[in-house]
Amino acid sequence: MPSMSQGMETGIVVRWLKREGDHVERGEPIAEIETDKATMEMEALVRGTLIEIVRHEGEEVPVGNPIAAIESAS
Amino acid sequence: MMADAERRPVVDDSRLLTWLRKMVEIRLFEERVQELFMEGLIQGTTHLCQGQEAVSVGAVEALAPADYLTITYRGHGHALARGMSLESAFAELMGRSTGCCKGLGGSMHLADFSIGLIGAFAIVGAGVPVALGAAVSSSARRRDSVAMTFLGDGGTNIGTFHECLNMAAVWKAPLVVVVENNLYGEYSPLATTTAVTDIAERAGAYGIPGVIVDGQDVQEVHRVAAEAVARARAGAGPTLIEAKTYRYRGHSRTDPASYRPAGELELWKQRDPIELLSTTLVERGVLPAEGGARLREEVQRAVDESARRAAAAGYLDLEEMKACVYAD
(Lines give C-alpha, C1' and ligand atoms only; values in the text may rest on other atoms or scores of the structure.)
Protein backbone atom coordinates (compact mmCIF):
# COMPACT_ATOMS: atom_id res chain seq x y z
CA MET A 1 0.00 0.00 0.00
CA PRO A 2 1.69 3.21 -1.15
CA SER A 3 1.63 6.46 0.79
CA MET A 4 -0.69 8.65 -1.24
CA SER A 5 -1.42 11.58 1.03
CA GLN A 6 0.12 13.41 3.95
CA GLY A 7 -0.29 11.44 7.17
CA MET A 8 -2.02 8.51 5.45
CA GLU A 9 -1.97 5.38 7.63
CA THR A 10 -4.20 3.00 5.70
CA GLY A 11 -5.80 2.82 2.28
CA ILE A 12 -8.72 0.88 0.86
CA VAL A 13 -8.38 -1.04 -2.38
CA VAL A 14 -11.42 0.25 -4.27
CA ARG A 15 -10.87 -1.45 -7.61
CA TRP A 16 -8.17 -3.34 -9.44
CA LEU A 17 -7.64 -1.96 -12.95
CA LYS A 18 -5.44 -4.91 -13.95
CA ARG A 19 -5.80 -8.66 -13.58
CA GLU A 20 -3.24 -11.26 -12.60
CA GLY A 21 -1.09 -12.07 -15.63
CA ASP A 22 -1.51 -8.59 -17.17
CA HIS A 23 1.50 -6.66 -18.42
CA VAL A 24 1.94 -3.26 -16.74
CA GLU A 25 4.01 -0.28 -17.82
CA ARG A 26 5.88 1.87 -15.33
CA GLY A 27 3.56 4.75 -14.41
CA GLU A 28 0.42 2.94 -15.63
CA PRO A 29 -2.58 3.06 -13.25
CA ILE A 30 -3.16 -0.40 -11.78
CA ALA A 31 -5.63 0.19 -8.96
CA GLU A 32 -7.90 2.76 -7.37
CA ILE A 33 -7.09 3.47 -3.74
CA GLU A 34 -9.28 5.35 -1.28
CA THR A 35 -7.33 7.48 1.18
CA ASP A 36 -8.58 9.69 4.01
CA LYS A 37 -8.77 12.52 1.45
CA ALA A 38 -9.79 11.15 -1.93
CA THR A 39 -9.93 8.14 -4.22
CA MET A 40 -6.83 8.12 -6.39
CA GLU A 41 -5.27 5.97 -9.06
CA MET A 42 -2.16 4.10 -8.04
CA GLU A 43 0.52 3.73 -10.69
CA ALA A 44 2.94 0.86 -11.13
CA LEU A 45 6.47 1.66 -9.97
CA VAL A 46 8.03 -0.83 -12.37
CA ARG A 47 7.37 -2.35 -15.78
CA GLY A 48 6.55 -6.03 -15.72
CA THR A 49 3.82 -8.61 -15.11
CA LEU A 50 1.24 -8.46 -12.35
CA ILE A 51 1.74 -11.96 -10.98
CA GLU A 52 -0.38 -11.82 -7.82
CA ILE A 53 -3.11 -9.68 -6.31
CA VAL A 54 -2.64 -10.04 -2.56
CA ARG A 55 -5.33 -7.72 -1.20
CA HIS A 56 -8.75 -7.58 -2.78
CA GLU A 57 -11.34 -4.91 -3.49
CA GLY A 58 -12.83 -3.49 -0.31
CA GLU A 59 -9.88 -4.39 1.93
CA GLU A 60 -8.27 -1.75 4.13
CA VAL A 61 -4.49 -2.09 4.23
CA PRO A 62 -1.83 -0.28 6.30
CA VAL A 63 0.71 1.80 4.34
CA GLY A 64 3.78 -0.23 3.46
CA ASN A 65 2.02 -3.63 3.39
CA PRO A 66 2.03 -5.58 0.10
CA ILE A 67 -1.17 -5.47 -1.95
CA ALA A 68 0.15 -7.09 -5.12
CA ALA A 69 3.30 -8.55 -6.65
CA ILE A 70 4.77 -7.40 -9.96
CA GLU A 71 7.59 -9.33 -11.58
CA SER A 72 9.91 -6.70 -13.00
CA ALA A 73 10.67 -6.96 -16.71
CA SER A 74 14.15 -5.44 -16.51
CA MET B 1 0.93 33.08 -37.26
CA MET B 2 3.54 33.44 -40.01
CA ALA B 3 4.26 36.93 -38.79
CA ASP B 4 4.95 35.57 -35.30
CA ALA B 5 7.22 32.83 -36.60
CA GLU B 6 9.20 35.38 -38.63
CA ARG B 7 9.72 37.51 -35.55
CA ARG B 8 11.33 34.66 -33.67
CA PRO B 9 14.94 35.15 -32.74
CA VAL B 10 17.16 32.67 -34.53
CA VAL B 11 17.61 29.72 -32.20
CA ASP B 12 20.11 27.21 -33.47
CA ASP B 13 19.32 23.52 -33.64
CA SER B 14 21.68 22.45 -30.89
CA ARG B 15 19.97 24.87 -28.52
CA LEU B 16 16.55 23.47 -29.45
CA LEU B 17 17.85 19.98 -28.71
CA THR B 18 19.01 21.22 -25.30
CA TRP B 19 15.53 22.60 -24.65
CA LEU B 20 13.97 19.27 -25.63
CA ARG B 21 16.26 17.40 -23.25
CA LYS B 22 15.48 19.87 -20.48
CA MET B 23 11.73 19.43 -20.95
CA VAL B 24 12.10 15.64 -20.90
CA GLU B 25 14.19 15.94 -17.73
CA ILE B 26 11.47 17.97 -16.05
CA ARG B 27 8.75 15.52 -17.15
CA LEU B 28 10.63 12.46 -15.90
CA PHE B 29 11.77 14.22 -12.73
CA GLU B 30 8.12 14.90 -11.87
CA GLU B 31 7.13 11.32 -12.63
CA ARG B 32 9.92 10.03 -10.40
CA VAL B 33 8.76 12.41 -7.65
CA GLN B 34 5.33 10.82 -7.89
CA GLU B 35 6.92 7.40 -7.38
CA LEU B 36 9.16 8.54 -4.51
CA PHE B 37 6.09 9.93 -2.79
CA MET B 38 4.34 6.55 -3.05
CA GLU B 39 7.48 4.86 -1.75
CA GLY B 40 7.33 7.12 1.31
CA LEU B 41 10.63 8.86 0.53
CA ILE B 42 9.02 12.29 0.07
CA GLN B 43 6.88 13.65 2.90
CA GLY B 44 4.22 16.34 2.91
CA THR B 45 2.81 17.03 -0.51
CA THR B 46 4.00 17.91 -4.00
CA HIS B 47 2.64 20.03 -6.84
CA LEU B 48 3.71 18.64 -10.17
CA CYS B 49 4.02 20.47 -13.49
CA GLN B 50 3.74 17.78 -16.18
CA GLY B 51 2.29 19.53 -19.24
CA GLN B 52 3.73 22.96 -18.36
CA GLU B 53 7.40 22.25 -19.21
CA ALA B 54 7.54 24.57 -22.23
CA VAL B 55 6.71 27.60 -20.08
CA SER B 56 9.54 26.89 -17.63
CA VAL B 57 12.13 26.17 -20.29
CA GLY B 58 11.11 28.80 -22.85
CA ALA B 59 10.90 31.65 -20.34
CA VAL B 60 13.94 30.79 -18.21
CA GLU B 61 16.05 30.38 -21.36
CA ALA B 62 15.41 34.06 -22.12
CA LEU B 63 17.31 35.08 -18.95
CA ALA B 64 21.00 35.91 -18.61
CA PRO B 65 23.17 34.37 -15.87
CA ALA B 66 23.03 37.49 -13.64
CA ASP B 67 19.21 37.74 -13.78
CA TYR B 68 16.89 36.81 -10.93
CA LEU B 69 13.82 34.66 -10.69
CA THR B 70 11.16 33.78 -8.15
CA ILE B 71 9.02 30.70 -8.58
CA THR B 72 6.06 28.98 -6.97
CA TYR B 73 5.19 25.81 -5.09
CA ARG B 74 4.76 24.27 -8.57
CA GLY B 75 8.37 25.19 -9.21
CA HIS B 76 10.44 22.05 -9.86
CA GLY B 77 10.38 22.76 -13.60
CA HIS B 78 11.60 26.33 -13.27
CA ALA B 79 14.44 25.32 -10.95
CA LEU B 80 15.63 22.55 -13.28
CA ALA B 81 15.28 24.87 -16.29
CA ARG B 82 17.50 27.39 -14.52
CA GLY B 83 20.21 24.78 -14.03
CA MET B 84 19.60 23.18 -10.66
CA SER B 85 20.93 19.62 -10.81
CA LEU B 86 18.52 16.70 -10.68
CA GLU B 87 20.30 15.33 -7.62
CA SER B 88 20.18 18.62 -5.73
CA ALA B 89 16.44 18.92 -6.41
CA PHE B 90 15.67 15.29 -5.55
CA ALA B 91 17.69 15.55 -2.34
CA GLU B 92 15.83 18.70 -1.34
CA LEU B 93 12.48 17.01 -1.84
CA MET B 94 13.64 14.09 0.29
CA GLY B 95 14.91 16.39 3.04
CA ARG B 96 18.55 15.36 2.59
CA SER B 97 21.60 17.44 3.49
CA THR B 98 22.75 17.45 -0.15
CA GLY B 99 19.61 19.31 -1.29
CA CYS B 100 19.75 22.89 -2.57
CA CYS B 101 18.51 24.14 0.83
CA LYS B 102 20.13 21.27 2.76
CA GLY B 103 16.76 19.58 2.93
CA LEU B 104 15.16 22.28 5.05
CA GLY B 105 13.01 23.72 2.27
CA GLY B 106 11.45 20.73 0.57
CA SER B 107 9.30 20.53 -2.53
CA MET B 108 7.80 24.01 -2.27
CA HIS B 109 11.03 25.87 -1.52
CA LEU B 110 13.65 25.14 -4.15
CA ALA B 111 16.06 28.07 -4.02
CA ASP B 112 19.66 28.60 -5.04
CA PHE B 113 21.10 32.11 -4.96
CA SER B 114 24.14 31.03 -7.01
CA ILE B 115 21.86 30.71 -10.07
CA GLY B 116 19.73 33.76 -9.26
CA LEU B 117 16.85 31.63 -7.97
CA ILE B 118 16.04 33.80 -4.99
CA GLY B 119 12.96 32.04 -3.73
CA ALA B 120 10.12 29.60 -4.24
CA PHE B 121 6.90 30.58 -2.53
CA ALA B 122 4.20 28.35 -1.12
CA ILE B 123 1.89 31.33 -0.66
CA VAL B 124 -0.01 32.14 -3.85
CA GLY B 125 1.35 35.32 -5.46
CA ALA B 126 3.99 35.88 -2.77
CA GLY B 127 6.93 35.73 -5.18
CA VAL B 128 5.86 38.86 -7.07
CA PRO B 129 6.92 41.47 -4.45
CA VAL B 130 10.21 39.65 -3.91
CA ALA B 131 11.00 39.70 -7.63
CA LEU B 132 10.00 43.36 -7.79
CA GLY B 133 12.42 44.05 -4.93
CA ALA B 134 15.21 42.36 -6.88
CA ALA B 135 14.31 44.36 -10.00
CA VAL B 136 14.26 47.67 -8.12
CA SER B 137 17.56 46.84 -6.41
CA SER B 138 19.12 46.13 -9.78
CA SER B 139 18.01 49.56 -11.09
CA ALA B 140 19.05 51.34 -7.90
CA ARG B 141 22.52 49.84 -8.09
CA ARG B 142 22.70 50.63 -11.82
CA ARG B 143 23.07 46.99 -12.76
CA ASP B 144 21.33 45.55 -15.75
CA SER B 145 19.87 42.43 -14.15
CA VAL B 146 16.24 41.64 -14.88
CA ALA B 147 13.90 39.80 -12.48
CA MET B 148 11.37 37.27 -13.72
CA THR B 149 8.54 36.01 -11.55
CA PHE B 150 6.31 33.03 -12.21
CA LEU B 151 2.83 32.70 -10.81
CA GLY B 152 -0.41 30.94 -11.61
CA ASP B 153 -3.71 32.35 -12.83
CA GLY B 154 -5.07 32.33 -9.26
CA GLY B 155 -2.13 34.44 -8.09
CA THR B 156 -3.35 37.35 -10.19
CA ASN B 157 -6.33 37.77 -7.83
CA ILE B 158 -4.03 38.49 -4.89
CA GLY B 159 -3.61 42.09 -3.71
CA THR B 160 0.17 42.22 -3.99
CA PHE B 161 -0.01 41.25 -7.67
CA HIS B 162 -1.88 44.47 -8.44
CA GLU B 163 0.21 46.60 -6.11
CA CYS B 164 3.44 45.27 -7.56
CA LEU B 165 2.47 45.62 -11.20
CA ASN B 166 1.35 49.18 -10.61
CA MET B 167 4.57 50.05 -8.77
CA ALA B 168 6.73 48.25 -11.34
CA ALA B 169 5.03 50.19 -14.15
CA VAL B 170 5.43 53.56 -12.40
CA TRP B 171 9.08 52.89 -11.61
CA LYS B 172 9.77 51.15 -14.94
CA ALA B 173 11.28 48.27 -12.98
CA PRO B 174 13.09 45.58 -15.00
CA LEU B 175 10.47 42.94 -14.18
CA VAL B 176 8.96 40.18 -16.32
CA VAL B 177 5.79 38.63 -14.94
CA VAL B 178 4.96 35.19 -16.32
CA VAL B 179 1.49 33.93 -15.49
CA GLU B 180 0.98 30.24 -16.18
CA ASN B 181 -2.74 30.06 -16.82
CA ASN B 182 -3.49 26.36 -16.41
CA LEU B 183 -7.26 26.97 -16.20
CA TYR B 184 -7.64 26.07 -12.50
CA GLY B 185 -6.79 27.81 -9.25
CA GLU B 186 -6.41 24.75 -7.06
CA TYR B 187 -9.79 23.03 -7.74
CA SER B 188 -11.68 26.04 -9.09
CA PRO B 189 -12.11 26.76 -12.80
CA LEU B 190 -10.79 30.20 -13.71
CA ALA B 191 -14.23 31.63 -14.54
CA THR B 192 -15.49 30.99 -10.99
CA THR B 193 -12.76 33.11 -9.39
CA THR B 194 -11.51 35.57 -11.99
CA ALA B 195 -13.30 38.45 -13.68
CA VAL B 196 -11.40 38.23 -16.97
CA THR B 197 -10.90 35.31 -19.34
CA ASP B 198 -7.49 36.47 -20.50
CA ILE B 199 -5.17 37.39 -17.62
CA ALA B 200 -3.05 39.45 -20.05
CA GLU B 201 -5.94 41.96 -20.20
CA ARG B 202 -5.04 43.00 -16.68
CA ALA B 203 -1.88 44.65 -18.05
CA GLY B 204 -4.07 47.45 -19.39
CA ALA B 205 -4.80 48.56 -15.82
CA TYR B 206 -1.10 49.34 -15.32
CA GLY B 207 -0.39 50.69 -18.79
CA ILE B 208 2.09 47.94 -19.61
CA PRO B 209 2.18 45.39 -22.44
CA GLY B 210 0.16 42.22 -21.86
CA VAL B 211 1.01 39.30 -24.13
CA ILE B 212 -0.81 36.00 -24.57
CA VAL B 213 1.35 33.10 -25.67
CA ASP B 214 0.77 29.43 -26.46
CA GLY B 215 2.36 27.86 -23.40
CA GLN B 216 2.76 24.50 -25.10
CA ASP B 217 5.10 25.92 -27.76
CA VAL B 218 8.54 26.41 -26.22
CA GLN B 219 9.79 28.50 -29.14
CA GLU B 220 6.86 30.90 -28.87
CA VAL B 221 7.26 31.19 -25.10
CA HIS B 222 10.93 31.95 -25.61
CA ARG B 223 10.19 34.56 -28.27
CA VAL B 224 7.79 36.59 -26.10
CA ALA B 225 9.94 36.15 -22.99
CA ALA B 226 13.05 37.31 -24.84
CA GLU B 227 11.20 40.44 -26.02
CA ALA B 228 10.00 41.17 -22.48
CA VAL B 229 13.47 40.62 -21.01
CA ALA B 230 15.05 42.90 -23.63
CA ARG B 231 12.42 45.56 -22.94
CA ALA B 232 13.00 45.34 -19.18
CA ARG B 233 16.78 45.47 -19.59
CA ALA B 234 16.50 48.52 -21.81
CA GLY B 235 14.70 50.40 -19.03
CA ALA B 236 11.27 50.34 -20.69
CA GLY B 237 9.59 48.61 -17.75
CA PRO B 238 7.64 45.46 -17.01
CA THR B 239 5.66 43.11 -19.26
CA LEU B 240 2.85 40.75 -18.27
CA ILE B 241 3.03 37.45 -20.14
CA GLU B 242 0.14 35.01 -19.98
CA ALA B 243 1.08 31.50 -21.07
CA LYS B 244 -1.97 29.33 -21.78
CA THR B 245 -1.07 25.90 -20.49
CA TYR B 246 -2.37 22.87 -18.62
CA ARG B 247 -1.28 20.67 -15.76
CA TYR B 248 -1.80 16.99 -16.47
CA ARG B 249 -1.99 16.11 -12.77
CA GLY B 250 -4.22 17.44 -10.04
CA HIS B 251 -3.39 20.51 -7.99
CA SER B 252 -1.40 18.49 -5.46
CA ARG B 253 -0.59 14.91 -4.68
CA THR B 254 -3.96 14.19 -3.06
CA ASP B 255 -6.06 15.73 -5.83
CA PRO B 256 -7.40 13.26 -8.42
CA ALA B 257 -8.67 16.27 -10.45
CA SER B 258 -12.13 14.77 -10.86
CA TYR B 259 -13.57 18.29 -11.33
CA ARG B 260 -12.23 18.47 -14.87
CA PRO B 261 -14.64 17.83 -17.74
CA ALA B 262 -14.23 14.47 -19.49
CA GLY B 263 -11.85 14.64 -22.43
CA GLU B 264 -10.15 17.90 -21.43
CA LEU B 265 -6.89 16.24 -20.38
CA GLU B 266 -6.79 14.13 -23.54
CA LEU B 267 -7.37 17.23 -25.67
CA TRP B 268 -4.41 19.02 -24.08
CA LYS B 269 -2.22 15.93 -24.38
CA GLN B 270 -2.68 16.16 -28.14
CA ARG B 271 -0.60 19.34 -27.91
CA ASP B 272 2.00 17.98 -25.52
CA PRO B 273 4.91 20.44 -25.38
CA ILE B 274 7.56 17.71 -25.64
CA GLU B 275 5.81 16.01 -28.56
CA LEU B 276 5.38 19.36 -30.34
CA LEU B 277 9.08 20.19 -30.23
CA SER B 278 10.13 16.58 -31.01
CA THR B 279 7.91 16.60 -34.10
CA THR B 280 9.36 19.91 -35.27
CA LEU B 281 12.90 18.65 -34.82
CA VAL B 282 12.19 15.37 -36.59
CA GLU B 283 10.56 17.22 -39.50
CA ARG B 284 13.59 19.47 -39.78
CA GLY B 285 15.92 16.50 -39.77
CA VAL B 286 17.61 17.57 -36.55
CA LEU B 287 16.35 14.59 -34.56
CA PRO B 288 16.12 11.04 -35.97
CA ALA B 289 12.62 9.52 -35.96
CA GLU B 290 13.46 7.30 -32.98
CA GLY B 291 15.51 10.06 -31.33
CA GLY B 292 12.74 11.14 -28.97
CA ALA B 293 12.34 7.66 -27.51
CA ARG B 294 16.10 7.25 -27.16
CA LEU B 295 16.40 10.60 -25.43
CA ARG B 296 13.66 9.59 -23.00
CA GLU B 297 15.47 6.35 -22.11
CA GLU B 298 18.74 8.21 -21.63
CA VAL B 299 17.15 10.85 -19.41
CA GLN B 300 15.21 8.19 -17.47
CA ARG B 301 18.51 6.53 -16.54
CA ALA B 302 19.97 9.87 -15.41
CA VAL B 303 16.84 10.69 -13.40
CA ASP B 304 16.76 7.28 -11.69
CA GLU B 305 20.47 7.45 -10.89
CA SER B 306 20.17 11.00 -9.49
CA ALA B 307 17.23 9.96 -7.30
CA ARG B 308 19.19 6.95 -6.07
CA ARG B 309 22.21 9.10 -5.12
CA ALA B 310 19.97 11.67 -3.46
CA ALA B 311 18.23 9.00 -1.37
CA ALA B 312 21.62 7.70 -0.19
CA ALA B 313 22.52 11.03 1.47
CA GLY B 314 21.87 11.77 5.14
CA TYR B 315 19.94 14.45 7.01
CA LEU B 316 21.27 17.45 8.90
CA ASP B 317 21.33 16.92 12.65
CA LEU B 318 19.55 19.34 14.96
CA GLU B 319 22.65 21.47 15.68
CA GLU B 320 23.38 21.82 11.96
CA MET B 321 19.77 22.82 11.35
CA LYS B 322 19.94 25.45 14.08
CA ALA B 323 23.08 26.90 12.49
CA CYS B 324 21.10 27.40 9.28
CA VAL B 325 18.37 29.33 11.07
CA TYR B 326 19.99 31.33 13.89
CA ALA B 327 22.97 33.69 13.76
CA ASP B 328 25.62 33.26 16.47
Side-chain angles (χ1 to χ4, degrees), chain A residues 1-18 22-55 57-74, chain B residues 24 26-48 50-51 73 93-95 106-108 122 184 186-187 247-260 262 265-266 269 272 274 293 296-301 303-305 307-308 311:
Chain A
M1 175 60 62
S3 168
M4 302 183 79
S5 75
Q6 193 166 8
M8 171 177 163
E9 287 174 2
T10 63
I12 299 167
V13 179
V14 175
R15 196 157 70 95
W16 280 104
L17 304 172
K18 293 282 174 185
D22 281 355
H23 173 80
V24 297
E25 285 296 326
R26 181 174 172 181
E28 191 181 6
I30 55 171
E32 286 174 7
I33 304 292
E34 185 183 319
T35 74
D36 52 339
K37 294 207 174 78
T39 298
M40 322 248 323
E41 286 182 343
M42 168 196 165
E43 296 103 2
L45 294 171
V46 292
R47 177 172 174 270
T49 307
L50 180 65
I51 52 171
E52 188 187 0
I53 288 175
V54 181
R55 305 301 291 263
E57 296 177 357
E59 286 194 70
E60 184 168 353
V61 185
V63 168
N65 284 26
I67 57 171
I70 296 175
E71 191 171 78
S72 170
S74 50
Chain B
V24 173
I26 295 169
R27 173 72 52 88
L28 298 182
F29 177 89
E30 296 291 61
E31 288 178 5
R32 189 75 188 99
V33 167
Q34 184 95 353
E35 294 173 353
L36 291 166
F37 195 94
M38 288 200 287
E39 291 169 34
L41 285 166
I42 293 175
Q43 307 296 318
T45 192
T46 55
H47 305 81
L48 305 179
Q50 291 103 318
Y73 53 79
L93 267 64
M94 290 190 254
S107 170
M108 293 194 259
Y184 297 90
E186 288 201 341
Y187 322 120
R247 57 165 155 77
Y248 292 168
R249 294 275 177 177
H251 165 69
S252 64
R253 185 62 192 94
T254 47
D255 170 22
S258 43
Y259 44 81
R260 306 200 284 208
L265 172 64
E266 291 68 27
K269 281 190 168 175
D272 181 80
I274 294 171
R296 198 181 156 98
E297 283 168 24
E298 209 177 293
V299 172
Q300 185 71 65
R301 280 195 296 276
V303 162
D304 290 347
E305 176 56 21
R308 194 193 60 73

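Computed over heavy atoms, backbone and side chain alike; hydrogens, waters and symmetry mates excluded. The sequence lines fix the lettering, A, B, ..., with proteins before strands; numbering per chain opens at 1. Not measured: the values here are computed from a predicted model.
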- Task: Assess whether side-chain contact (heavy atoms from CB on, under 4.5 Å) is satisfied between A:Arg26 and B:Gln300, documenting all intermediate values.
- Result: CA-CA 11 Å; A:Arg26 181 174 172 181; B:Gln300 185 71 65; 3.2 Å; yes
Greatest number of non-hydrogen atom pairs under 4.5 angstrom with chain A, of B:Glu31, B:Gln43, B:Arg249, falls to B:Arg249
Heaviest contributor of heavy-atom pairs below 4.5 Å to chain A, chosen from B:Ser258, B:Gly40, B:Ser252, B:Gly44, is B:Gly44
Rounded to the nearest 0.5 angstrom, the CG-NZ distance for B:Asp255 and A:Lys37 is 11.5 Å
Closest non-hydrogen contact found for A:Ala38 with B:Thr254 is CB-O, 3.6 Å
Quick check: are there more than 12 heavy atoms from other residues, nucleotides or ligands sitting under 6.0 Å from CD of B:Glu186? yes
One should read off an interatomic distance between A:Met4 CE and B:Arg253 CZ, to the nearest 0.5 angstrom, of 5.0 Å
Rounding to 0.5 Å, atoms CE (A:Met42) and CD (B:Gln34) come to a distance of 11.5 Å
So, the part of B:Glu35 with a heavy atom under 4.5 Å from chain A: the answer is both
Output for pair (B:Glu39 CD, A:Leu45 CG), nearest 0.5 Å, gives 5.0 Å
